[in-house]
Amino acid sequence: MSDKHISPITEGSEVINALDELLIKLRETPRETTIRDIVRDSRMTQKNFAEYLNIPLRTVENWCTGLRKCPEYVQELIVYKLKNEGFIDE
């Protein structure tokens with residue numbers, strides 16, 4: 001049997017250090033761009049975004065809330081159109 005005893009303070013600081021390291025890794029990990037990001041970057045409301053692209057509002061709402069995932073090829077086409085028409089930066 002081991003007599004090794006770690007004080008609660010040491011255990012707590014080890015947990016905090018581990019959490020700090022995890023947060024650093026998460027911040028460094030690139031995040032996938034979502035439709036929600038694209039709507040925000042276009043400076044349009046979800047309604048205006050949907051109307052402009054002729055997409056049902058409910059579909060845009062579902063994409064933005066994560067209820068449904070926008071197909072990658074559709075997202076790429078949306079970004080292409082918005083960039084070429086000056087709604088989002090390069």
Side-chain angles (χ1 to χ4, degrees):
M1 193 182 307
S2 172
D3 289 332
K4 184 177 177 184
H5 176 69
I6 299 175
S7 71
I9 293 173
T10 304
E11 287 178 353
S13 25
E14 288 174 2
V15 169
I16 290 171
N17 288 338
L19 288 172
D20 284 343
E21 289 176 23
L22 179 60
L23 284 172
I24 290 168
K25 286 180 185 176
L26 287 173
R27 286 185 190 123
E28 293 171 350
T29 304
R31 186 175 64 82
E32 180 181 316
T33 300
T34 64
I35 286 291
R36 183 181 199 145
D37 298 327
I38 296 166
V39 172
R40 183 198 62 234
D41 292 347
S42 73
R43 296 175 298 282
M44 289 189 227
T45 64
Q46 288 181 9
K47 182 179 181 191
N48 290 357
F49 185 88
E51 288 173 355
Y52 182 75
L53 294 168
N54 200 28
I55 299 171
L57 176 58
R58 177 68 68 198
T59 299
V60 172
E61 290 170 343
N62 289 342
W63 289 343
C64 287
T65 61
L67 190 59
R68 300 246 186 250
K69 181 150 174 36
C70 176
E72 192 172 321
Y73 72 94
V74 173
Q75 184 170 315
E76 289 173 6
L77 289 169
I78 289 170
V79 169
Y80 178 81
K81 178 177 177 65
L82 293 175
K83 280 183 178 180
N84 283 314
E85 296 181 5
F87 285 97
I88 57 177
D89 298 327
E90 295 292 323

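Nothing here was measured: the structure is a model prediction, and the numbers come from that model. One is the number of the first residue; the rest follow in order along the sequence.
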side-chain contact (heavy atoms from CB on, under 4.5 Å) involving Leu19 - partner list, sequence neighbours excluded: Val15
If you measure from [atom1] on [X] to [atom2] on [Y], what distance do you get to the nearest 0.5 Å?
| X | Y | atom1 | atom2 | answer |
| --- | --- | --- | --- | --- |
| Phe49 | Ile55 | CZ | CD1 | 6.0 Å |
| Ile88 | Met44 | CD1 | CE | 9.0 Å |
| Ile35 | Asn62 | CD1 | CG | 12.0 Å |
| Ser13 | Asp20 | OG | CG | 11.0 Å |

Between the side chain of Thr65 and the main-chain N/O of Glu61, is any donor-acceptor distance below 3.5 Å? yes
Is the side chain of Arg43 donor-acceptor paired with the backbone N or O of Asp41 at a distance under 3.5 Å, no angle test? yes
Mind checking what makes side-chain hydrogen bond (donor to acceptor under 3.5 Å, both in side chains) contact with [X], not counting sequence neighbours?
| X | answer |
| --- | --- |
| Asp37 | Arg31, Thr34, Arg40 |
| Arg36 | none |
| Lys47 | none |
| Glu51 | none |

Does Phe87 have any ring-ring contact (aromatic ring centres under 6.0 Å, His included) partners at least two apart in sequence or in another chain, and if so, which? Tyr52
Is there side-chain contact between Thr45 and Asn48, with at least one heavy-atom pair below 4.5 Å? yes
Residues 68-77 side chain polar contacts: donor-acceptor under 3.5 Å, at least two apart:
unit_1 : atom_1 : unit_2 : atom_2 : d
Lys69  : NZ     : Glu32  : OE2    : 2.9
Gln75  : NE2    : Thr33  : O      : 2.9

